[in-house]
Structure formats: C-alpha cells, structure tokens
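Inspection log for the structure reproduced underneath, given as structure tokens.
Reminder, nothing fancy here: chain letters follow the sequence lines and each chain counts from 1. What you see below is based on every heavy atom in this structure, not just the backbone, and it leaves out hydrogens, waters and symmetry mates.
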Amino acid sequence: GAVVSQHPSWVICKSGTSVKIECRSLDFQATTMFWYRQFPKQSLMLMATSNEGSKATYEQGVEKDKFLINHASLTLSTLTVTSAHPEDSSFYICSALLQGRQETQYFGPGTRLLVL
Amino acid sequence: GENVEQHPSTLSVQEGDSAVIKCTYSDSASNYFPWYKQELGKRPQLIIDIRSNVGEKKDQRIAVTLNKTAKHFSLHITETQPEDSAVYFCAASFPGKSTFGDGTTLTVKP
C-alpha cells in the first residue's frame with residue numbers, strides 16, 4: 001500500500017512555457033503533500049507543503065507565483081512551473097503524508113524537467 | 001527551525017563489512033526519525049524508522065539507534081551487499097514536517 005504516482009516522469013519544454021506536474025496518492029487519502037526539488041547528488045529541498053482545500057505553505061526563497069500549487073482533492077496535488085526558464089530544470093519529487101502513528105512520507109517517482 | 005546534519009557524505013565499504021551513518025538534529029520537538037534509501041534516478045524509499053520513545057530498532061541487516069538526550073541517531077547496515085549501494089537520507093520529523101540530512105553516498109565494493 002501507500003503508493004504515490006507522479007506524472008509526467010519526464011518533460012522537456014521551451015523557455016517561457018508553463019509545465020504542470022501531478023502527484024497522486026493511489027491507495028490512500030493524503031491531506032498533506034510535499035513538493036521537493038533535488039539537484040544532482042544533493043539532498044531533497046522542500047519547496048512547499050500542500051494542504052487539501054487550503055493554500056500551500058511555501059518555504060523561504062520559493063516564489064509562490066512561480067511555483068503554483070493546487071491541492072484540490074485528497075488524492076491529487078499539482079505543481080505548475082510558470083514561465084519556465086533553464087534554471088528551473090531539476091528533478092521534482094512529491095510526497096504524501098500517511099497519517100497515523102508514524103507520520104511517514106511516501107514519495108512519488110519524481111519528474112525530471114528540462115527547460116531549453 | 002530544525003537542522004539536521006548527516007555524516008559522512010560518502011562511505012565506501014567492502015562487501016560483507018558494516019556501514020554506519022550518523023545524524024544529529026537540533027529541535028527537541030522532533031519525534032520521528034525515518035531513513036530513506038534512494039537509488040540513482042529513483043524515488044526515496046523508506047527503509048526503517050524510529051520514534052522518540054524507542055532507543056533501538058532492527059529489521060534484518062538494518063538497525064537504527066536513537067539517543068534523544070544527545071539528539072543523534074544512526075543507521076547501521078551489517079553484512080553489506082553491492083545492492084546496498086545508494087544514497088541514504090536521514091530525517092527528523094514532527095507532525096507535518098520533515099527535515100532531511102544532506103545524504104550519504106554508500107558504495108559497497110564486491
């Protein structure tokens with residue numbers, strides 16, 4: 001159980017376009033999801049916490065108008081990279097919080113974004 | 001906020017040897033400490049976790065110890081195998097938030 005999917009797994013786009021990434025919890029409901037960015041050989045950098053039915057909480061230094069997050073249902077959160085530029089190229093990973101005794105995060109497979 | 005330090009950043013061991021990765025945290029409110037394994041290009045996978053009311057937990061070749069007073073916890077892998085090669089992340093968590101260490105790249109040489 002506790003499977004999280006992400007779509008797409010790979011995206012290549014031109015500079016200036018917007019890209020939407022979906023994160024779904026397939027077999028459980030997630031009131032909280034997280035979005036991370038990971039650079040090669042580096043750790044997971046938390047971008048924002050997505051709460052179902054409310055506004056996302058962004059970490060310091062992350063532009064909320066640049067990275068739009070919507071958590072419209074208990075199984076889906078989306079991250080939209082608006083007007084993407086080459087410096088936005090990265091590996092984006094979401095996770096969903098499995099509520100219960102252990103507060104475990106389950107990660108999606110990640111989306112690799114390349115902006116040309 | 002919480003600050004997690006993880007050491008070493010790289011670790012190379014011979015197959016069959018043990019590997020130990022250590023993390024320290026700063027916020028005494030953290031009460032849940034998971035460890036994740038991430039293979040190249042893949043998602044982090046939870047391999048073991050421990051709560052603050054427990055000092056040690058073991059699952060086959062993997063064990064985690066927690067010293068709440070000193071605010072440090074460690075991952076121990078015994079009888080390492082080449083397939084253990086990956087990046088390992090520790091995290092310190094309290095409800096709703098996790099802070100990750102910078103990761104340890106473990107290489108197990110056959």
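- Looking only at heavy-atom pairs under 4.5 Å with chain B, the residue among A/Tyr106, A/Tyr36, A/Phe107 that has the most is A/Phe107.
- With a 4.5 angstrom heavy-atom cutoff, A/Gln60 does not touch chain B via any of its atoms.
- Contact of A/Gln38 with chain B is made through the side chain alone, with heavy-atom distances under 4.5 Å.
- Both the backbone and the side chain of B/Ser98 come within less than 4.5 Å of a heavy atom of chain A.
- B/Phe94 does not touch chain A: none of its heavy atoms, backbone or side chain, sits under 4.5 Å away.
- Heavy-atom pairs under 4.5 Å with chain B peak, among A/Pro40, A/Ser95, A/Gly108, at A/Gly108.
- B/Pro44 touches chain A through backbone and side chain together, each having a heavy atom under 4.5 Å away.
- Of the options B/Phe33, B/Tyr25, B/Trp35, a side-chain contact (heavy atoms from CB on, under 4.5 Å) to B/Cys90 is made by B/Trp35 and by none of the others.
- Between B/Lys37 atom NZ and B/Glu83 atom CD the span is 7.5 Å, to the nearest 0.5 Å.
- Ion pairing between B/Lys97 and A/Glu59 holds under the 4.0 Å rule for side-chain N and carboxylate O.
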- Query: Are A/Ser50 and A/Trp35 close enough, and set up right, to give a side chain to side chain donor-acceptor pair (under 3.5 Å), and what steps lead you there?
  - Reply: CA-CA 8 Å; A/Ser50 168; A/Trp35 286 96; 4.9 Å; no

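- Proximity to chain A (any heavy atom under 4.5 Å) is restricted, for B/Gln38, to the side chain, taken from C-beta onward.
- Taking a cutoff of 4.0 Å between a charged side-chain nitrogen and a carboxylate oxygen, A/Arg24 and A/Glu22 qualify as a salt bridge.
- Residues B/Glu2 and B/Ser26 bring a donor and an acceptor atom of their side chains to less than 3.5 Å of each other.
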